[in-house]
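Okay, so here's the structure we're looking at.
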Protein chains: 2
Amino acid sequence: MDDEERELIDGRRARGTKRRAEIIDATLAVVTRDGAAGVTHRTVATQAGITTSLSTYYFATLDDLLVAALSSVADAYTARIRQIIDGPGDKLRGLAELIAESGGPGRERALAERELSTLAARRPALAPVARQWRENVAELAATLTAAPEAVAALVATSDGLCTAILIDNVPADSDYVHRVLCQALGAHRDAAATAR
Amino acid sequence: MDDEERELIDGRRARGTKRRAEIIDATLAVVTRDGAAGVTHRTVATQAGITTSLSTYYFATLDDLLVAALSSVADAYTARIRQIIDGPGDKLRGLAELIAESGGPGRERALAERELSTLAARRPALAPVARQWRENVAELAATLTAAPEAVAALVATSDGLCTAILIDNVPADSDYVHRVLCQALGAHRDAAATAR
DNA sequence: GTTCTACTTGTACTATCGTTCAAACAACTT
DNA sequence: AAGTTGTTTGAACGATAGTACAAGTAGAAC
């Protein structure tokens, strides 16, 4: 245990980063299992295998914990989509596969994200975090079309498809998702293969 | 205790329908103000100006209350969109105006609907109710196009636009919404004015 | 009148919540 | 060894939650 994580930019030591990450993971597990309403210092602590007071030691208030958890999922999602944007492959297909994950192994995370982003509607401090996903999708869309309406349509469709997949609770077909995205982009006739 | 509930179409009297409606309204007011997490028998009762026990008299459990409230908003939304489908006007424009309301006077209701439909992701009994909005939009879309992808794109876009409007918390321009819907429909080039 | 039934209230029990706090623990400095 | 600093614990306080329940009302049926 020397300079454990540091993940900070300044020369100083990173504080309880590892514990914080554990607690955030436990929080997301609770959100996945019982919903955001089930998140309490006690349930989170039990899930993490620590004491209640330790949870409050790292996150003084429940709100801090929820904000941190939402930011965490948002960051993970952001990393995924940036990978698609900067990567070499077909961007629209990459997005389709990412969305389709909401119905399979990524359902838990997608569910947590929706739950927590709904929370954001009432806490102004969380709105920027919740908006990040949309902005990243918009950036991706901007590489595929110049029409602002097409960008907006792709962003909205991506979000709506995620919602539909979550509520219908069925494994999603990434080919189908891709086709719907093409439709929204207006690429159904010509630009279906132009991605990148 | 015979045919108590039914309060429906048959000639019999409806039981505590009025009180129930009052309590549901109060519930939605609480959801609007404090979110679904703020819904308790006590807060609802205070909002409705009744005693706590009366709230439990009509809705034995908190879950019953939330289910009833969600069903209520879903019904109201359903009525609105059926009006558009069966009405004489431009259906796509009607839908655009309905969506744009989420940013203005209808924000409260849209917020409540999102909050409560998120709740549905974890309670299977609520999923059909949450799905109804999508199915109605799909029905509307089916009158405008035959392509299944276009229908799916319009439904997803409608949902995503609502979300965006709610999170961005800005009054929405129904013309803009209409243009994005046209884009998703694939009607940007030709069919922009074909609605109906 | 009495009776019955739907409705309404006040009170209370039990559980759990967020949060606090003093004390113990661990590792590293001096 | 003593001290310092960051971490962890167990116990507790006050507040609020869901729910239950016996008692009280009002009005229609008898």
Side-chain angles (χ1 to χ4, degrees), chain A residues 1-8 10-27 29-31 33-70 119 122-123 125, chain B residues 1-8 10-27 29-31 33-69 119 122-123:
Chain A
M1 309 85 167
D2 39 356
D3 54 6
E4 17 192 340
E5 302 282 274
R6 68 184 345 144
E7 60 179 46
L8 259 340
D10 59 353
R12 297 288 294 142
R13 304 251 300 97
R15 287 229 328 226
T17 315
K18 193 166 176 180
R19 261 281 186 265
R20 287 177 73 95
E22 282 177 25
I23 297 175
I24 287 178
D25 281 352
T27 304
V30 171
V31 170
R33 180 167 21 90
D34 303 322
V39 173
T40 73
H41 273 141
R42 279 170 238 262
T43 55
V44 167
T46 299
Q47 173 75 32
I50 59 177
T51 57
T52 306
S53 2
L54 195 52
S55 178
T56 72
Y57 174 73
Y58 284 98
F59 301 93
T61 160
L62 249 197
D63 239 60
D64 293 347
L65 184 51
L66 284 171
V67 169
L70 170 53
L119 229 146
R122 219 168 304 277
R123 293 168 216 236
Chain B
M1 312 81 173
D2 37 358
D3 52 7
E4 23 190 340
E5 298 289 73
R6 60 193 348 149
E7 65 178 42
L8 266 333
D10 59 352
R12 298 287 295 141
R13 298 254 302 102
R15 283 228 331 218
T17 314
K18 193 168 178 179
R19 264 279 187 261
R20 288 177 71 95
E22 282 177 25
I23 297 175
I24 286 178
D25 281 351
T27 304
V30 171
V31 170
R33 180 168 20 90
D34 303 324
V39 173
T40 72
H41 272 139
R42 278 170 237 262
T43 56
V44 167
T46 300
Q47 173 75 31
I50 60 178
T51 57
T52 305
S53 359
L54 196 51
S55 177
T56 72
Y57 175 74
Y58 284 99
F59 301 93
T61 160
L62 251 196
D63 239 61
D64 292 348
L65 183 52
L66 284 171
V67 169
L119 228 145
R122 221 167 305 277
R123 294 168 215 235

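Excluded from the calculations below are hydrogen atoms, water molecules and symmetry mates; all remaining heavy atoms, backbone and side chain alike, are included. First the proteins, then the strands, lettered A, B, ... as listed; each starts at 1.
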> Touch check for A:T52, heavy atoms < 4.0 angstrom, all strands: base, sugar-phosphate only, or nothing?
Replying inline: base
>> Once you apply a heavy-atom cut-off of 4.0 Å, does A:S53 come out as touching a base, just sugar-phosphate, or nothing?
In response: base
> With a non-hydrogen cut-off below 4.0 angstrom, is A:T56 in contact with a base, only sugar-phosphate, or nothing?
Replying inline: base
>> Using the side-chain heavy atoms of B:H41, tell me which of these nucleotides is nearest: D:dT19, C:dT8, D:dT8.
In response: D:dT19
>> Measure OH/B:Y57 against P/D:dT25 and give the value in whole Å, please.
In response: 17 Å
> How many Å lie between CG on A:L65 and C1' on C:dC17, as a whole number?
Replying inline: 14 Å
> Of the nucleotides D:dT9, D:dG18, C:dT19, which has the atom closest to the A:I50 side chain?
Replying inline: D:dT9
> Rounded to the nearest Å, what distance is computed from the CG atom of residue B:D34 to the P atom of nucleotide D:dA17?
Replying inline: 11 Å
> Contact class for B:R19 (heavy atom, under 4.0 Å): base, sugar-phosphate, or nothing?
Replying inline: sugar-phosphate
>> For A:R42 and A:L54, find the nucleotide of DNA chain D closest to each by heavy atoms; which residue's nucleotide sits nearer the 5' end?
In response: A:L54
> Which heavy-atom pair separates A:I50 from A:S55 by the least distance, and what is that distance?
Replying inline: CD1-N, 4.2 Å
>> Rounding to an integer number of Å, can you tell me how far A:R20 CZ sits from D:dT7 P?
In response: 11 Å
> Over how many whole Å does the gap from A:Y58 atom OH to D:dG6 atom C1' extend?
Replying inline: 8 Å
>> So if I take every side-chain heavy atom of B:L62 and compare against C:dC21, C:dT8, D:dG18, which nucleotide ends up nearest?
In response: D:dG18
